[in-house]
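Values below: every heavy atom of this structure, side chains too, minus hydrogens, waters and symmetry copies.
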Amino acid sequence: MRWTQYYLFTTREAPADAEVPSHRLMMRSGMIKKVAAGIYSYLPSGWRSLSKLMAIVRRELDRSGCVELSMPAIQPAELWQESGRWQRYGKELLRISDRHERQFCFGPTHEEVITDIVRRDVKSYRQLPISLYQIQTKFRDEIRPRFGLMRGREFLMKDAYSFHSSAESLDATYEEMKAAYQRIFRACHLDFAVVEADTGTIGGSSSHEFMVTAETGESEIVRNAADGYAANTEKANAAPLVAPAAEEPVALAEVPTPGKSSVPDVAAFLAVPTQKVVKTLVYETDKGPIVAAVRGDREVNEVKLGNLVDAEWLQLAGEETVVKVTGSPPGFAGPVGLKGVRVVADESVRGLTNFVCGANKGETHLTGVNWGRDASPTDWADILLVRDGDLSPLGGGPLEMSRGIEVGHIFKLGTKYSAAMGCNYTDDAGNDLPMIMGCYGLGIGRTVAAAIEQNHDADGIVWPMPLAPFQVLLAALNMEDSTVVETAERLYQELSGQNVEVLYDDRNERPGVKFKDADLVGIPLRLTVGAKSLAEGKVEMSFRRDREKQLVPLSDVVARVRGLLG
RNA sequence: CGGGGCGUAGCUCAGCCUGGUAGAGCGCACGGUUCGGGACCGUGAGGUCGGAGGUUCAAAUCCUCUCGCCCCGACCA
């Protein structure tokens with residue numbers, strides 16, 4: 001491709017609202033253009049990168065026995081009403097009406113449509129399992145789109161769905177998909193982690209996320225290199241905390257603690273370690289108020305708590321609710337004497353003796369509190385938020401926290417959608433049963449953005465070869481020097497003729513401009529044709545990543561390039 | 001949805017407080033010099049200052065409404 005005939009315009013400055021490197025660089029290098037909040041056009045070079053990823057995704061999914069199809073972006077409300085998600089999905093679902101006032105939505109995901117298709121065609125266990133996928137534009141009306149393609153409202157996603165007659169079959173496909181995803185991200189030369197994840201609103205029994213590691217990632221993950229444990233912090237467990245040494249129970253006592261409503265204040269005031277204070281929080285949920293107790297030096301994992309009580313939403317209660325539940329203003333709550341409310345205590349407080357907690361009475365705490373004698377929670381559970389340095393539950397030592405960009409998420413759905421929508425098959429005994437399902441998502445644009453987050457420097461993008469819009473940038477340094485131009489033209493023709501993806505910078509620009517643009521656009525291999533090296537019959541070859549330059553005799557250039565590209 | 005901020009040339013922004021001829025840099029066009037890391041000089045084009053209403057002799061500037069966008073939070077495959 002000749003640059004002068006291509007559509008590639010770079011800018012020196014990025015828009016003020018572009019904050020993260022991938023967003024800034026995609027804008028500056030002319031890959032994308034914003035149309036509205038969270039909605040982008042993919043310009044030619046951006047589309048080339050996305051297309052390369054899509055080709056890799058297709059290749060690996062096809063290898064795994066997945067079959068491609070394409071479903072509509074616009075979906076009728078009826079299907080969503082059948083699954084129950086028309087009511088539940090909330091404002092993220094973009095709802096639209098046609099001229100007859102019939103309701104539709106722009107699909108944020110396709111469980112309903114695929115389930116509708118399969119229930120019509122598949123009737124027997126003999127036809128199962130089936131895995132289908134598509135790559136398609138989705139729309140989710142995110143509250144706050146940001147970071148360019150990392151969190152758009154309209155975005156490209158590969159979504160796959162599998163249907164099974166047994167849990168074992170789902171397990172096998174799930175593992176196959178997990179392997180396919182690993183092949184995909186490896187093929188993109190990305191550094192990534194597979195982590196256990198919360199199943200969130202999609203539901204189901206098991207779930208893994210694929211995280212491209214990057215400081216700018218929106219998700220926090222914990223890992224232990226020694227034992228291989230890896231999980232999203234929303235889901236992560238730690239080995240049980242070491243409890244302070246048990247003591248002989250002493251008498252329960254009320255002590256006034258005026259103005260001491262935070263755990264550190266109370267601990268300091270009473271001269272006890274924060275580990276011996278039980279932090280007691282009141283939450284409001286759709287299932288009513290819930291009280292959660294956790295060790296004073298730790299935080300509650302609200303996702304775990306929400307899952308435990310099967311809540312659709314959960315938030316820290318306001319003062320009014322706290323007073324209603326505990327009889328005191330916030331800051332003086334405790335598990336002693338609470339009635340008519342579910343109290344979930346974390347395992348971290350189970351071994352405590354003679355601990356301190358709020359007295360459910362203004363400006364007062366209790367000391368010498370002991371489980372069993374003074375208070376008993378409704379549930380003992382793990383609702384602890386892990387933190388840096390906690391020990392891995394698999395025994396490999398301390399957990400390390402890092403950040404990642406969630407580029408893929410796979411779920412075992414079970415029969416949630418098939419049961420709701422009557423997607424049944426007949427088994428070998430003649431029974432009608434709902435199919436067991438899995439679903440598997442992979443963000444196309446987000447993965448390309450993540451690749452840039454992980455591969456850039458101060459001057460621009462440093463594409464991994466598999467996702468680069470072109471493999472080779474051929475820069476002719478002076479378009480008025482006929483020898484330079486003739487040489488560059490000939491190299492361009494020869495390389496193109498051998499199916500090398502070459503972008504030929506034939507613009508009438510000064511060398512400095514071409515070098516800056518080359519660095520910004522980030523094509524992995526650069527050939528520089530200039531009068532100096534040409535006088536020796538050589539062309540400069542350099543790699544974007546390490547900028548290592550070497551002079552190559554003109555006659556060897558094409559062979560060398562082909563050798564490097566494999 | 002709560003809090004904060006911004007809409008002025010293609011892009012990045014100044015001007016607004018204190019009303020009085022609409023600005024800079026980059027980019028673009030033309031001419032000249034230059035040509036291995038975003039060159040220099042000269043000339044030029046380009047904006048009903050997001051929109052509507054109001055105050056005023058006079059509004060980019062003050063007021064009201066409205067639309068769009070962004071940031072923090074909550075939320076979130």
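Using N1 to N3 plus N6-O4 or O6-N4 for Watson-Crick, or N1-O2 and O6-N3 for G-U wobble, each under 3.5 Å, G23(B) pairs with C13(B). The pairing partner recorded for U18(B) is none, the criterion being a Watson-Crick or G-U wobble arrangement whose two distances lie under 3.5 angstrom. Under the Watson-Crick or G-U wobble criterion, with both distances below 3.5 Å, G37(B) has no partner in any strand shown. With a cut-off of 3.5 Å on both pairing distances, the Watson-Crick or G-U wobble partner of C69(B) is G5(B). G44(B) is paired with C28(B) under the Watson-Crick or G-U wobble criterion, all donor-acceptor distances under 3.5 Å. Pairing of U56(B), defined by two Watson-Crick or G-U wobble distances under 3.5 Å, is not identified with any nucleotide.
Within the nucleic acid shown, A14(A) comes within 4.0 Å of sugar-phosphate atoms alone, with no base atom in reach, counting heavy atoms only. Nucleic acid contact class of P108(A) (heavy atoms, under 4.0 Å, all strands): none. Note on R28(A): a base of the nucleic acid sits closer than 4.0 angstrom, heavy atoms only. When heavy atoms are screened at a 4.0 angstrom cut-off, G90(A) is found touching no nucleic acid atom at all. Counting any heavy atom pair closer than 4.0 Å across all strands shown, D159(A) reaches no nucleic acid atom. Contacts of E218(A) with the nucleic acid, taken as non-hydrogen atoms under 4.0 Å apart, are absent.
Residues meeting the side-chain contact (heavy atoms from CB on, under 4.5 Å) test with A160(A), sequence neighbours left out: C66(A), Y133(A), K158(A), M177(A), Y440(A). Remark: F543(A) engages no residue in a ring-ring contact (aromatic ring centres under 6.0 Å, His included) (not counting sequence neighbours). D457(A) meets the salt bridge (charged side-chain N to carboxylate O under 4.0 Å, His left out) test with R544(A), R547(A); sequence neighbours excluded. Residues satisfying the side-chain contact (heavy atoms from CB on, under 4.5 Å) criterion with K34(A), sequence neighbours excluded, are D17(A), Y40(A). Take K538(A) and apply the salt bridge (charged side-chain N to carboxylate O under 4.0 Å, His left out) test, not counting sequence neighbours, and it matches no residue. Legend: residues meeting salt bridge (charged side-chain N to carboxylate O under 4.0 Å, His left out) with D517(A), ordered by chain and number and at least two apart, are R507(A). Scanning for side-chain contact (heavy atoms from CB on, under 4.5 Å) contacts around V195(A) gives A193(A), E209(A), M211(A), I221(A), A230(A), N232(A), with sequence neighbours left out. By the side-chain contact (heavy atoms from CB on, under 4.5 Å) test, A236(A) pairs with V222(A), Y229(A), A231(A), V386(A), sequence neighbours left out. In this structure R298(A) satisfies the salt bridge (charged side-chain N to carboxylate O under 4.0 Å, His left out) test together with D390(A), sequence neighbours excluded.
In this structure, CG of D17(A) is placed 16 Å from C1' of C72(B), rounded to the nearest angstrom.
The aromatic ring centres of H409(A) and F411(A) sit less than 6.0 Å apart. Proximity of the aromatic rings of Y161(A) and F163(A) is defined here by a centroid distance below 6.0 angstrom, and this criterion is not met.
Separating the C1' atom of U12(B) from that of C30(B) is a span of 25 Å, rounded to the nearest Å. For C13(B) and G27(B), the C1' atoms lie 14 Å apart once the distance is rounded to whole Å.
Between the side chains of R85(A) and Y417(A), a donor-acceptor pair is found at a separation under 3.5 Å.
Shown for residues 143-152 of chain A: residues whose heavy atoms fall under 4.0 angstrom of RNA chain B, namely I143(A), R144(A), R146(A), R151(A).
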- Query: Which parts of nucleotides 30-37 of chain B does protein reach within less than 4.0 Å, heavy atoms only, written one letter per nucleotide 5' to 3' as B for base, S for sugar-phosphate only and - for none?
  - Reply: ----BBBB
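Under 4.0 angstrom from either OP1 or OP2 of C70(B) there lies at least one side-chain N or O belonging to K34(A).
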Distances under 3.5 Å between protein N/O atoms and the N/O atoms of nucleotides 6-9 of chain B, please, pair by pair.
none

